[in-house]
Amino acid sequence: MELAWKVAEGSEVRLADYDPDYTAKNTSHSEAKEELDKLGAELDGLQELMWAAHHHSLLLILQGMDTSGKDGTIRHVFSHVNPQGCAVQAFKVPTEEEASHDFLWRAHKVTPGRGALTIFNRSYYEDVLVVRVHNLVPEEVWTKRYKEIKHFEKLLVDNKTIVLKFFLHISKDEQEQRLLAREKDKDKAWKVAVGDWKERAYWDEYQKAYEVALSKCSTDKAPWYIVPANHKWYRNLAIAHTLVHVLRGYKDEWQADLEKRGRQALAELRQMRKEAHK
Ligand code: ADP
């Protein structure tokens, strides 16, 4: 059972068809907390195995409108994960140096090496989202980027990077509630940004830009998942669940490799001791 919707390669996404309020049947808020703890512990074990086996790396991309919960997801879903072998990269407005290179340059440098997990909080998808909405580069430049992104992700996958991309789907009303809540809560007021209200005026354009990016760039090997994100507890559960299910598929391979390495190491040790006693 999938808790987030995987976008099939070649399909045309219409976000209006996906309910941001959705919570799967048979899950309640309180059960979800328990379930998230269990999934978190399993994720920790799987990450440790991936780190030790050194076969694959994992790139996890989080995208969504302002307030959709990218930071909250990182805090809650990855709270169990060992910081060793785990990194978070945030993608802001490009610096002068970044802007003087191709748009994938700053991303490629920080993709995870073998064994490592890297979370992209926003990503090179901004170059077909904010850039498209505000025409920050000419259309003939950004239209080519969908293909370039697919090639880039294929390169990563061919080099044993597991690529998973999550779109945190909230409604326009929910965003308004969250922005207003920040103003009222003195502990959250630091998050208030005039820019968030300004960007909100472009809601429809952003939804369109997301639809095109999800449709053009979801592939079997590097899929996009649409995560219903109006309910934070369900968002966390859906992401943790998807992640654990994907990683479980690699567990046997990683374990078998570690056992083989363990046998080799013991054989070498026995050999060394035998020679020492000659
Ligand atoms: P947060 O991710 O928490 O919202 P910020 O408020 O600093 O962090 O937002 C980062 C901003 O950087 C976003 O508005 C995003 O659209 C912008 N950004 C990221 N990548 C690019 C890019 N390639 N070109 C222009 N703006 C970008």
Side-chain angles (χ1 to χ4, degrees), residues 1-20 22 24 46 50 55-65 68 70 73 77 91 102-104 107-108 111-112 117-133 139-170 205-229 234-235 237-253:
M1 181 191 57
E2 299 240 8
L3 302 192
W5 296 294
K6 187 174 182 176
V7 177
E9 184 166 339
S11 62
E12 285 270 317
V13 173
R14 278 189 57 236
L15 286 173
D17 296 341
Y18 297 87
D19 180 7
Y22 178 82
L46 286 164
M50 179 173 81
H55 260 197
H56 292 87
S57 54
L58 174 61
L59 173 62
L60 208 131
I61 291 182
L62 297 177
Q63 286 281 167
M65 301 293 286
S68 60
K70 299 180 288 293
T73 300
V77 176
F91 286 78
D102 70 83
F103 78 105
L104 291 169
H108 205 172
T111 50
L117 153 65
T118 300
I119 302 163
F120 279 7
N121 183 349
R122 300 183 188 270
S123 65
Y124 44 86
Y125 278 93
E126 291 292 329
D127 294 277
V128 289
L129 294 166
V130 63
V131 168
R132 173 183 168 130
V133 168
E139 186 170 342
E140 67 263 28
V141 175
W142 61 252
T143 47
K144 290 200 192 93
R145 289 183 173 168
Y146 300 101
K147 223 181 190 176
E148 289 162 350
I149 287 175
K150 276 174 76 174
H151 282 149
F152 175 60
E153 290 176 352
K154 184 173 183 307
L155 173 71
L156 298 180
V157 170
D158 287 348
N159 282 279
K160 292 200 175 288
T161 302
I162 303 162
V163 181
L164 297 174
K165 304 172 291 194
F166 294 99
F167 168 62
L168 312 187
H169 184 36
I170 54 166
E205 288 85 344
Y206 270 108
Q207 296 288 295
K208 178 74 203 153
Y210 269 110
E211 286 175 345
V212 178
L214 300 179
S215 304
K216 286 187 185 283
C217 300
S218 194
T219 59
D220 292 341
K221 295 280 174 60
W224 268 108
Y225 291 87
I226 299 172
V227 181
Y234 185 76
R235 171 202 74 203
L237 188 64
I239 293 176
H241 186 272
T242 306
L243 204 50
V244 164
H245 274 250
V246 170
L247 295 184
R248 269 184 202 157
Y250 295 89
K251 192 174 174 180
D252 288 350
E253 179 186 336

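Position 1 is the first residue of the sequence, and the numbers go up from there.
- Here the rule is side chain to side chain contact (heavy atoms under 4.5 Å, CB included) with Y225, and of L214, V7, T242, L168 only T242 fits it.
- Taken to the nearest 0.5 Å, the CG atom of D127 stands 9.5 Å off from the CZ atom of F91.
- Between I170 and A229, the shortest heavy-atom distance links the atoms CG2-O, 3.5 Å.
- A heavy-atom distance below 4.5 Å is found between the side chains of H169 and Q207.
- Each of F166, Y125, Y18 was evaluated against W224; a single residue qualifies, Y125, per the ring pair (Phe, Tyr, Trp, His ring centres under 6.0 Å) test.
- Between F167 and Y210, the angle of the ring planes lies from 30° to 60°, which puts this pair in the tilted group.
- Taking all atoms of both residues into account, the shortest heavy-atom contact from S123 to I61 is OG-CG2, 3.6 Å.
- Taking CD from E153 and OH from Y124, the interatomic distance works out to 3.5 Å, rounded to the nearest 0.5 Å.
- The one candidate from N159, T111, T161, T118 that meets the side chain to side chain donor-acceptor pair (under 3.5 Å) condition with S57 is T161.
- In this structure, Q63 CD and K70 NZ are separated by 7.0 Å, a value rounded to the nearest 0.5 Å.
- In this structure a side-chain-to-backbone donor-acceptor pair under 3.5 Å is present from S215 to V13.
- Side-chain contact between V246 and L58: absent, with no pair of heavy atoms (C-beta onward) separated by less than 4.5 Å.
- Shown here for V128 and A209, the closest heavy-atom pair between the two residues is O-CB, 4.0 Å.
- Checking side-chain atoms of K165 against main-chain N and O of A222 turns up a donor-acceptor pair under 3.5 Å.
- With a 4.5 Å cut-off on side-chain heavy atoms, L247 and I162 count as touching.
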| Steps toward side-chain contact (heavy atoms from CB on, under 4.5 Å) verdict (K154, T219) | CA-CA 9 Å; K154 184 173 183 307; T219 59; over 6 Å; no
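- Within the model, atoms NZ of K6 and CG of L164 stand 8.5 Å from one another, a figure rounded to the nearest 0.5 Å.
- Nearest heavy atom pair, residue V227 against residue A4, reads CG2-CB, 4.1 Å.
- Remark: V212 engages R132, Y146, K208, K216 in a side chain to side chain contact (heavy atoms under 4.5 Å, CB included) (not counting sequence neighbours).
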| request: Could you walk me through whether K221 and V163 pass the side-chain contact (heavy atoms from CB on, under 4.5 Å) test, one step at a time? | output: CA-CA 7 Å; K221 295 280 174 60; V163 181; over 6 Å; no
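- In this structure, the side chain of E9 engages the main chain of D220 through a donor-acceptor pair within 3.5 Å.
- The aromatic rings of Y22 and W5 sit tilted relative to each other, their planes meeting at an angle between 30° and 60°.
- Atoms CD1 and CG, on I239 and L60 in that order, are 7.5 Å from each other to the nearest 0.5 Å.
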| request: Show your working on side-chain contact (heavy atoms from CB on, under 4.5 Å) between Y250 and H55 and close with a plain yes or no. | output: CA-CA 10 Å; Y250 295 89; H55 260 197; over 6 Å; no
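- Here the NE2-CG distance, from H151 to D158, works out to 11.0 Å after rounding to the nearest 0.5 Å.
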| request: Go through the steps to decide whether V130 and Y206 satisfy the test side-chain contact (heavy atoms from CB on, under 4.5 Å), and finish with yes or no. | output: CA-CA 7 Å; V130 63; Y206 270 108; 3.3 Å; yes
